[in-house]
Structures are given as structure tokens and as C-alpha cells.
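As C-alpha cells, the structure follows; a few thoughts come after it.
In what follows, chains are A, B, ... by sequence order, proteins preceding strands, each numbered from 1.
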There are 2 protein chains.
Amino acid sequence: MNHKRTEKNENIVGSVLKAIQILDCFHPDNPNLNLSQISKHLEIPKSTALNLIQTLESEGFLLRVKSGNTYQLGYKNIELGYRATTSLSILPYAIPIMEEVQEKTGEIIYLTTHINGQVFYLQCSYPSRPKVSYSVRGKMLPMHCTGCGKAMLSYLSQEFVQHVIDVHGLRAITPNTIIDPDQLYKELEITRQRGYARDNEEETLGVRCVGIAIRNTNGQAVGALSLSGSVLTMTDENADKFANLLSNACNLLSQHANLFPASLMDQV
Amino acid sequence: MNHKRTEKNENIVGSVLKAIQILDCFHPDNPNLNLSQISKHLEIPKSTALNLIQTLESEGFLLRVKSGNTYQLGYKNIELGYRATTSLSILPYAIPIMEEVQEKTGEIIYLTTHINGQVFYLQCSYPSRPKVSYSVRGKMLPMHCTGCGKAMLSYLSQEFVQHVIDVHGLRAITPNTIIDPDQLYKELEITRQRGYARDNEEETLGVRCVGIAIRNTNGQAVGALSLSGSVLTMTDENADKFANLLSNACNLLSQHANLFPASLMDQV
DNA sequence: AACCTTGTTCGACAATACTGAATATGGTAT
DNA sequence: ATACCATATTCAGTATTGTCGAACAAGGTT
């Protein structure tokens, strides 16, 4: 989220941009798209789209589904994603800290940062049974409906918050999601006073969570930790208790605030 | 690895291809590159490279490192990698099976497939106390020096094996790595007779592993499972025992052979 | 201070990406 | 079976636009 897009002399290569936009069409909700859909979505002729698609396919960024004539994201995205984790230098510090909190609480703990006004998931630690299982690394969610997101927003400038609202809106994911800007501002004020953010089934029904921001030396949020559990275990009482544990972990991670993507991208 | 590249009427978009090659420069060994290095590597003028780099940077595929003038892979790669995992439909079947074997053996278990003549890591399950919770999804290694790779090669056509050797060579990763084609062919014959593949410190010193191929209805390898442990625990005796457990798991996964990337890419 | 390496700007050129119409393909309904 | 529709694919002309080299700027090193 570059607030003021300083008009540098950027020579954007159009065809590359279109190729990227094609990849961006593919979303977990609709992981399979055909040529016509892509062409319509980007508002470019089918023949142009086909050239780009075939280029992306030849390099493994798209995979043509055998049976039909649809495409899906290819293995190359996963490979580059893996390589890019090398740059997530916060992880070696965060993981042991997260695992300790996870074990003490028994709940799922998430580490996130914010990118382009959205929550970006960096790491999670699950209860003992499913050890590594599914990763969340790379998942993106809106900020207004998650514990991590609200925790971060509460320590970012009002103009930043407003920008997030302007760009992404306040979409209702569940009946509990905050969709009114004024209410969100109030919620952020309450969050600051309480010392941690709560997510009361605002992103997933049946799931509550607590989140605390990780802040840099200027006090700006660069990341967040959250604990997530069912409405049964995540009572108000437990929330308070968990928030204390989280708070300590956040303080430790604050010492490495400069390693968070949000810092590296001049977003704060 | 398309054996016969059927010369279809593919209209590759050059600038997109170059942009992809730029991303491909970034390798865990050298995760930070500057303009000159990239320009030299692709043998294109610096000004051209800069245009492409700036385009990639503007979309989050590259991140300009704050301090210096180098770039690294950006968050967008991780995001797309996450989205692409939606297409790894084998995982829901594989994970519970893997975790069971993991617990029975106490060793690390890996699930892989083969892409472009290389081992592609899909999933791993660690012992209960994960020292390293990093994901391996997206990692790529040569086939000739890993248990999974050799297991798969032993159930792929000789012409496929030869093609892998021609394209990738037999690079020595450790002193134990097989670097002679004839010796590799012998090893694959032994592997078939033994019923499973062994990796005797051929990829990492101090680590031995056993691997078994997952085969489709034609008998061709589409993936593999491996158990990996230190030379102390992974004795010949244990290897035999572990191989039995792995074998059962592989049989179960064979029923979903069509879900493996290697199947989806017409590589077998 | 001279030199080297690297990053950045810019305008002209032609390569090449784009386009739309025509054709092919495959599935569905009549 | 046939007609029809939606989608995928081909192709060649056009001008858009990506490319390139030279010139300039900025650091860093000897």
C-alpha cells in the first residue's frame, strides 16, 4: 500500500503485466478457468490471452487440466514460493517462540504481517496431532475481520486504516463481520484500550481468536500473532489469559520488527 | 519432461519469458541479485532487464532490498504458491497416511512427485518435536541422489532415465553421490530387485533414506514416499522394516495415482 | 583525484506483441 | 442426424511497444 505513488520513471512492460494478471485470476474459490473466462476477466482478445497463457503454461506457471480445456495454477508457483521463503528471515526467530505458546495454550497460533492492506499469513503452529499438515503460508485475508488484522490496524495511522477501507471495503464474511467504518474505528479504539484484538466469529463461524500486534521502534504494527480456537474453548476468560502469553511473544518479536515484510516494503 | 516436443503452433511471448527467467535466477544459494547480475545472467541489456524487474517489483514478485540495490523474490510468489496448492488434490489422501507411518517409525516422511526430471517435494511429516517446522513444499532436487528419485527412476522407461541424465547430468552433491551413468543403471536394477530404493548419504552426509515409488495402472512411477533418518537409526535392518511400512502406504496412494502432478503433466 | 562498477534516463528504431476475422472443435438440444 | 452455440485455435497485417545503446549519475575503491 504505497500511499503516495511517487511517479518514478517506471517503464512497465505491458505483456508481463497482463501475464501476471492472468495468474492473479486464479483464486481458491475458482481454481479452474478457461480461455474465455480469462479473456473476459482481463478484457483482452482471446488470441492475446492465448499467447500469454501458452507462455505461462510452457514454464509451469499454468497447468492445462488434462480432461477439459481449463487451466489451473502450475507447480512453478509452488517452487518459486518455496524459494521465496528464504527471504522470510523472521521465521527462524518466530517459530520456536510460536511453538512454545502453542503448547502452553493448546490452540492454533498464527504469525502474520500486512501487505497491501491485507493480512498475509507467514506461519502457523498446530496442536500436537497434525504436525505440519497444511501450510497457511501465503494465505491472504482482509484486515477488518481477523484478530491479526484488527490488532495491526489498531497500531497504524488513521489515514492508513481509511485507505484500507477505501481500497478493500468492509465485506461481510460472516454475520458478525464489522461492515460499518465507524464501528470499525470504535472497535480499534476498544482494541487499543483492551490491549489486544478479538475476533468473535467475524471470519469463520464457530471460531474466535485473540490477536496482538508486533510493532517496530516507531510503534507501527509490522505483524501480529494470534491464537485461534473454537467458541467453546476461547471464552472471554481464556482470551485474557492467552493474550498475556501472546503479549510476551510479541515483545520478543518486536526486536526483529525490521525483518517483517511490512517493514521491508515501506508500508508503515 | 515432454519427450517428444510436438511442435504445436505456440506463440511464446518473449518479454514474459524473460520476466520468468529473471524470477528463475533467484535460487536459495544466491537469493539476492542486483541488476548487473541479472542482466549478465540472461544476456540482455541492463535497460531491458530494468524494465522487466520494475514490472515484477510493482506486482510483488520481486522485492527491492531496502539497504542496498539488490532484489529478492517477493511475497507474491508465496501467495501464488499457496493458491496453487489448491490443485494438489493428492494431499488430503496422503497426509493421514503419511502421519501414520511417521508415528510408527519416528522418522521424517516425505511425499514427492517428479517434474521435468527432478524430484518435487509435496509434503513432509516430522517427528512430534519439529525442530524445523519449515515446509518443503516446492523444493526440487535431482533424481539421481535421493531415495524418492531413485525409486521413481527404477519404474520409469530407460529412455526417460537417459533423458534425465542428458538434461541434468549426474552432479556430485556428496562424495557418495552416484555420478556414473552405468553405475546408476546398475543401482536402479538393484533397486527393483530389492523392492525399494536406498539413499546412502548421497544427498546429505549423515542422512540415509529409503524410498518407494507410487505407480499408476501402467506401472509407471508418478510419485514416491521416503523415510529419512540419521545413519545411526537408519540401519540396513531398520531400512528393511521401514520399507515394508512404506510399501503399504504406497499401495494405498497408488489408487490415486492420477492425482499426482507427474500424471497431470503427461510425463509418464 | 582518477577510475571502475553499477544504476538510471531517454529517444529512436524495428522487432514483435496484438488484433480480429476466419476456421476448427466439441458439446447440447432440437 | 442436424443445427446450433460456445469455445478453442490459426494466421497474417499492423502499429504498438518493448528493446537497445549511448549518455549520464552515483558510489565505492585504489
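Counting only N and O atoms by type, the side chains of B/Ser135 and A/Ser135 include no donor and acceptor under 3.5 Å apart.
Smallest separation of non-hydrogen atoms from B/Val65 and B/Asn32: CG2-OD1, 3.6 Å.
Between the side chain of A/Asn216 and the backbone N or O of A/Asn218 there is at least one donor-acceptor pair closer than 3.5 Å. Proximity of a side-chain donor or acceptor of A/Ser254 to a complementary backbone N or O of A/Ile214 within less than 3.5 Å is not detected. Between the side chain of B/Arg137 and the main chain of B/Tyr82, no donor-acceptor pair closer than 3.5 Å is present. A donor-acceptor contact shorter than 3.5 Å links the side chain of B/Ser263 to the backbone of B/Ala257.
Between the CG atom of A/Asn32 and the P atom of D/dA8 there is a distance of 13 Å, given to the nearest Å. Per the geometry, CG belonging to A/Leu50 stands 13 Å off P belonging to D/dC11, to the nearest Å. The CG atom of A/Leu35 sits 7 Å away from the P atom of D/dT9 (whole-angstrom rounding). For the pair B/Leu62 CG and C/dG7 P, the computed distance is 13 Å after rounding to whole Å. Between the C1' atom of C/dT25 and the CG atom of A/Asn69 lies a distance of 10 Å, rounded to the nearest Å. When rounded to the nearest whole Å, the span between CG of B/Asn34 and C1' of C/dT6 equals 7 Å. For the pair B/Gln54 CD and C/dG7 P, the interatomic distance rounds to 12 Å; values are reported in whole Å. Separating the NZ atom of B/Lys46 from the C1' atom of C/dT8 is a distance of 9 Å, rounded to the nearest angstrom.
Counting any heavy atom pair closer than 4.0 Å across all strands shown, B/Ser47 reaches a base atom.
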Polar atom pairs (N or O), protein with nucleotides 14-18 of chain C, under 3.5 Å:
from   : atom 1 : to      : atom 2 : distance (Å)
C/dA17 : OP1    : B/Gly14 : N      : 3.4
C/dA17 : OP2    : B/Gly14 : N      : 3.2
C/dC18 : OP1    : A/Lys18 : NZ     : 3.0

Between protein and nucleotides 24-30 of chain D, what N or O pairs are separated by less than 3.5 Å?
none

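By the neighbour-count criterion of 12 heavy atoms within 6.0 Å, atom CG of A/Leu205 is densely surrounded, having more than that number from other residues, nucleotides or ligands. In the displayed structure, B/Ile97 atom CD1 is contacted under 6.0 Å by more than 12 heavy atoms of other residues, nucleotides or ligands.
Nearest-nucleotide assignment on DNA chain D puts the 5′-proximal partner with A/Thr70, out of A/Thr70 and B/Ile44.
Note on ring orientation: taking the six-membered ring where Trp is involved, the planes of B/His256 and B/Tyr93 are parallel (angle under 30°, cut-offs 30° and 60°).
Side-chain N/O atoms of B/Arg64 include one lying less than 4.0 angstrom from OP1 or OP2 on C/dT8. Phosphate proximity of C/dT6 to B/Lys40: present, with a side-chain N or O under 4.0 Å from OP1 or OP2.
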